[in-house]
Amino acid sequence: QAQVVESGGRSVQAGDSLRLSCLGSGPMFGSYAVGWFRQAAGKAREFVASVSWSGNNWNYADSVKGRFTISRDVAERTVYLQMSNLKPEDAAVYYCAAGAFSSEEYEYAYWGQGTQVTISS
């Protein structure tokens with residue numbers, strides 16, 4: 001029904017900015033919310049941000065509020081995660097997923113393979 005592919009992860013320094021992209025495809029992608037999650041080494045995967053199917057509603061984890069911005073280009077079928085003032089604790093594999101507008105992993109049925117963000121202090 002939908003597929004998502006992340007890109008944009010790379011190695012940056014603390015304080016830098018970075019934008020991740022999530023390109024969606026499939027007949028139903030446009031009707032799904034998209035969420036970003038991340039998993040640091042040795043830790044459980046956690047919610048980062050989500051955007052509704054229309055792009056008009058957003059939700060953020062407290063740890064990224066004020067630093068990360070999620071946006072959706074409906075025509076380009078792409079969801080972006082703009083990350084600013086990156087901290088070492090933001091280093092993780094970042095995943096995007098399509099599903100219901102939620103902060104819960106189980107609400108998302110379609111997941112990408114992830115993109116690695118490495119941060120040096």
Side-chain angles (χ1 to χ4, degrees):
Q1 302 295 337
Q3 296 82 40
V4 293
V5 178
E6 308 93 336
S7 63
R10 61 183 177 90
S11 182
V12 296
Q13 292 190 327
D16 283 354
S17 297
L18 186 65
R19 189 178 77 167
L20 304 182
S21 300
C22 173
L23 176 63
S25 61
M28 298 299 294
F29 174 77
S31 64
Y32 290 127
V34 172
W36 282 97
F37 294 80
R38 65 187 182 187
Q39 186 168 22
K43 295 187 177 181
R45 190 156 57 185
E46 64 177 3
F47 170 75
V48 176
S50 60
V51 61
S52 63
W53 69 271
S54 66
N56 293 328
N57 295 282
W58 315 268
N59 187 26
Y60 295 93
D62 288 342
S63 59
V64 306
K65 281 181 181 177
R67 298 189 300 122
F68 290 13
T69 302
I70 191 170
S71 62
R72 184 168 193 158
D73 188 326
V74 174
E76 295 296 324
R77 303 172 70 87
T78 302
V79 173
Y80 301 101
L81 184 68
Q82 178 67 49
M83 306 185 291
S84 301
N85 189 23
L86 284 162
K87 303 176 181 180
E89 53 264 39
D90 294 318
V93 177
Y94 282 72
Y95 299 89
C96 74
F101 183 54
S102 170
S103 60
E104 300 291 343
E105 286 188 48
Y106 68 85
E107 297 278 15
Y108 293 87
Y110 307 99
W111 290 79
Q113 295 300 306
T115 187
Q116 178 74 53
V117 174
T118 304
I119 301 169
S120 57
S121 57

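Numbering starts at 1 and runs along the sequence shown.
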Working to the nearest 0.5 angstrom, can you tell me the gap between [X] [atom1] and [Y] [atom2]?
X	Y	atom1	atom2	answer
Asn57	Ile70	CG	CD1	11.5 Å
Arg72	Ser52	CZ	OG	7.5 Å
Phe37	Leu81	CZ	CG	12.0 Å
Ser31	Trp53	OG	CH2	9.0 Å
Phe47	Tyr60	CZ	OH	9.5 Å

If you look at every heavy atom in [X] and [Y], which pair is closest and at what distance?
X	Y	result
Ala40	Ala92	N-CB, 3.7 Å
Gly112	Val4	N-CG2, 3.3 Å
Val48	Val64	O-CG2, 3.5 Å
Val34	Cys96	CG1-CB, 4.4 Å

Checklist entry - Can you name the ring pair (Phe, Tyr, Trp, His ring centres under 6.0 Å) partners of Phe68, sequence neighbours left out? => result none

Checklist outcome for this item: Those residues at least two apart in sequence (or on a different chain) that pass ring pair (Phe, Tyr, Trp, His ring centres under 6.0 Å) with Tyr32 are Tyr110

Next on the checklist: Considering only residues two or more places apart or on different chains, which pairs with a residue in residues 108-121 satisfy salt bridge (charged side-chain N to carboxylate O under 4.0 Å, His left out)?
Outcome noted: none

Pairing residues for [X] by the side-chain contact (heavy atoms from CB on, under 4.5 Å) criterion, not counting sequence neighbours:
X	answer
Arg77	Phe29
Ala97	Tyr108, Trp111
Val117	Leu18, Leu20, Met83, Tyr94, Ile119
Ser63	Arg38, Ala61

Checklist entry - Taking only residues two or more places apart in sequence or in another chain, which ones pass side chain to side chain donor-acceptor pair (under 3.5 Å) with Arg19? => result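 Side chain to side chain donor-acceptor pair (under 3.5 Å) check on Arg19 returns nothing, list empty.
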
Checklist entry - In chain order, what residues pass the side chain to side chain donor-acceptor pair (under 3.5 Å) check against Lys87, with sequence neighbours excluded? => result none

Item to check | Qualifying side-chain hydrogen bond (donor to acceptor under 3.5 Å, both in side chains) pairs, either residue in residues 2-17, two or more places apart | outcome: Gln3-Ser25

Item to check | Residue pairs, two or more places apart or on separate chains, that pass side-chain hydrogen bond (donor to acceptor under 3.5 Å, both in side chains) and touch residues 112-121 | outcome: none

Item to check | Ser103 vs Asn59, side-chain contact (heavy atoms from CB on, under 4.5 Å): CA-CA, chis, key distance, verdict | outcome: CA-CA 8 Å; Ser103 60; Asn59 187 26; 4.0 Å; yes

Next on the checklist: Taking salt bridge (charged side-chain N to carboxylate O under 4.0 Å, His left out) as the definition, give me every residue that meets it alongside Glu105, ordered by chain and number, with sequence neighbours left out.
Outcome noted: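 Glu105: salt bridge (charged side-chain N to carboxylate O under 4.0 Å, His left out) contacts with Arg45.
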
Next on the checklist: Run the side-chain contact (heavy atoms from CB on, under 4.5 Å) test on Thr69 and Trp58 for me, step by step, so that the C-alpha distance in whole Å, both residues' side-chain angles and the decisive distance to 0.1 Å come before the verdict.
Outcome noted: CA-CA 9 Å; Thr69 302; Trp58 315 268; over 6 Å; no

Next on the checklist: Please check this pair: side chain of Ser102 against backbone of Ala100, looking for a donor-acceptor N/O pair closer than 3.5 Å.
Outcome noted: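 Not confirmed, Ser102 side chain does not pair with Ala100 backbone.
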
